[in-house]
Amino acid sequence: MNDFSPLRDIPILIGSFFVLTAAVGVLRFPDLYSRLHASSKLVTLGSAGIFLGAALELTEAAAFTRLAAILLFQFLTTPLSAYLIAQAAYLRALPPRLSGPDEWNQLGRHPQPGDEPPREDPAD
Amino acid sequence: MRGLALNLLLAVTWALFAGQVAVRELLVGFLVGFGILALFPRALGSAGYVRRSVATLRFTGFFLKELSLANVQVALLALRPRPPLNPMIVAYPMRLEGETAQTLLAATITLMPGTVAMGFDDERRVLYAHAIGLPGAAEARDSIRRVEDALLPVLTRRATPEVHP
Amino acid sequence: MILNLALVIVTLSTLLVAARVLRGPSWGDRIMAFDFLSVNLIVLIVLIAVKTRLLVLLDAALVLSLLGFLTTVALTRYLLTGRVMR
């Protein structure tokens with residue numbers, strides 16, 4: 001493991017760079033909705049790079065199928081959880097910090113903490 | 001999915017003729033079968049299948065390209081000293097219908113540059129998205145529209161998707 | 001060598017996200033950071049699996065990715081509808 005093999009090391013390096021940038025973005029961006037951009041977008045390519053490098057290093061078929069399953073699951077669930085968090089936060093009146101328009105709320109009134117939460121089922 | 005069944009049948013037949021049912025033979029047979037289905041769409045009734053497969057491949061290429069772009073864009077925003085975020089929430093009237101198509105659209109734009117899906121309106125006609133790093137609401141809507149344009153031929157059975165102004 | 005560097009980088013990012021979980025001004029930030037923390041831990045476990053050659057750790061990573069998503073779904077459902085199960 002001392003020698004440098006570009007096929008394995010470059011994906012791992014790119015992936016860990018993106019994971020670190022995502023963490024920096026999560027720490028630095030001003031509000032929850034902007035932080036969701038960092039955590040949902042950057043981590044898909046970041047983990048994809050690291051899993052690719054790991055699959056090329058662990059050549060066993062068992063490792064390959066498990067890594068492929070984790071990667072597929074990540075690609076499916078990351079946008080869904082970002083969507084669920086953004087929806088829950090907006091409808092439960094966590095105010096976004098905007099410099100542009102808010103077209104969800106045309107009246108210019110954000111949901112207030114006393115509002116009745118919506119009773120319909122968002123997940124299905 | 002009659003076309004897919006026919007394609008799989010052709011793959012298995014090819015592998016049987018090759019004398020060995022293994023991953024490599026099945027893969028070659030699948031490609032050869034797809035070529036046959038693409039060459040004789042009338043006789044085999046596979047025009048829709050071929051068109052949707054090509055659209056799926058093109059969508060995958062588009063998706064990977066835009067995903068890399070989105071990652072670089074957000075990484076630059078995160079590392080810049082004063083990121084010009086310009087956050088806003090835009091409403092986008094969707095052309096796609098049906099729960100699966102709309103969920104796929106919402107999941108895809110979350111991974112595309114600048115936009116994160118936030119919710120639908122009560123009639124599920126309008127998609128609300130949070131956008132950063134884009135100059136205005138019109139650009140954010142354009143970005144979502146490009147994703148929808150790439151997604152429409154994958155999900156519709158018609159030969160040509162109807163054109164909206 | 002590169003693997004050790006990647007381990008250091010991912011550990012650093014895990015610590016940064018943990019700081020966001022602890023600080024996170026609202027509950028939404030905490031849920032988001034917790035979801036992201038589980039993804040970071042999955043990546044960390046995969047890197048450790050490559051380093052130690054223990055393939056069992058990949059199963060742990062798979063289970064952790066399922067658990068992380070289920071936690072987020074349960075929390076957001078609870079906050080939106082007031083209950084988790086029907």
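Every chain is numbered from 1 and lettered A, B, ... according to where its sequence line falls, protein lines coming before strand lines. Note that the coordinates shown come from a computational prediction; the quantities given were computed from them, not determined experimentally.
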Requested in this report: Mind ranking Val10(C), Leu12(C), Val39(C) by heavy-atom pairs under 4.5 Å with chain A and telling me who comes out on top?
Outcome: Val39(C)
Query - Partner of Ile85(A) by side-chain contact (heavy atoms from CB on, under 4.5 Å), out of Leu79(C), Asp29(C), Ile31(C) - result: Ile31(C)
Report summary line: Counting heavy-atom pairs under 4.5 angstrom with chain C, the leader among Asp31(A), Leu36(A), Leu58(A) is Leu58(A)
Query raised in the report: Taking the side chain from Thr81(C) and the backbone from Tyr78(C), do they hold a donor-acceptor pair closer than 3.5 Å?
Result: no
Report summary line: Given Ala86(A), Ser47(A), Ala22(A), the one with more heavy-atom pairs under 4.5 angstrom with chain C than any other is Ala22(A)
Requested in this report: Just give me the residue among Leu5(C), Asn40(C), Ile9(C) that pairs up with chain A most often, heavy atom to heavy atom, under 4.5 Å.
Outcome: Ile9(C)
Query raised in the report: Salt bridge check: are Asp59(C) and Arg66(A) linked by an N-O gap of less than 4.0 Å?
Result: yes
Query raised in the report: Going from CZ on Phe17(A) to CG on Leu13(A), what distance comes out if it is rounded to the nearest 0.5 angstrom?
Result: 10.5 Å
Report task. Identify the two heavy atoms, one from Ala89(A) and one from Tyr33(A), that lie closest to each other, and give their separation to 0.1 Å. Result -> C-OH, 3.4 Å
Query raised in the report: Taking every heavy-atom pair that is under 4.5 Å apart, which of Asp35(C), Leu75(C), Leu58(C), Thr72(C) has the most such pairs with chain A?
Result: Leu58(C)
Query raised in the report: Is chain A contacted by the side chain of Leu47(C), its backbone, both, or neither, given a heavy-atom distance below 4.5 Å?
Result: side chain
Query raised in the report: Is it the side chain or the backbone of Ala38(A) that comes within 4.5 Å of chain C heavy atoms, both, or neither?
Result: neither
Query raised in the report: Is there a side chain to side chain contact (heavy atoms under 4.5 Å, CB included) between Glu57(A) and Ile12(A) once you walk through the steps?
Result: CA-CA 10 Å; Glu57(A) 172 70 17; Ile12(A) 287 188; 5.9 Å; no
Query raised in the report: What part of Ser65(C) gets closer than 4.5 Å to chain A, counting heavy atoms only: side chain, backbone, both or neither?
Result: both
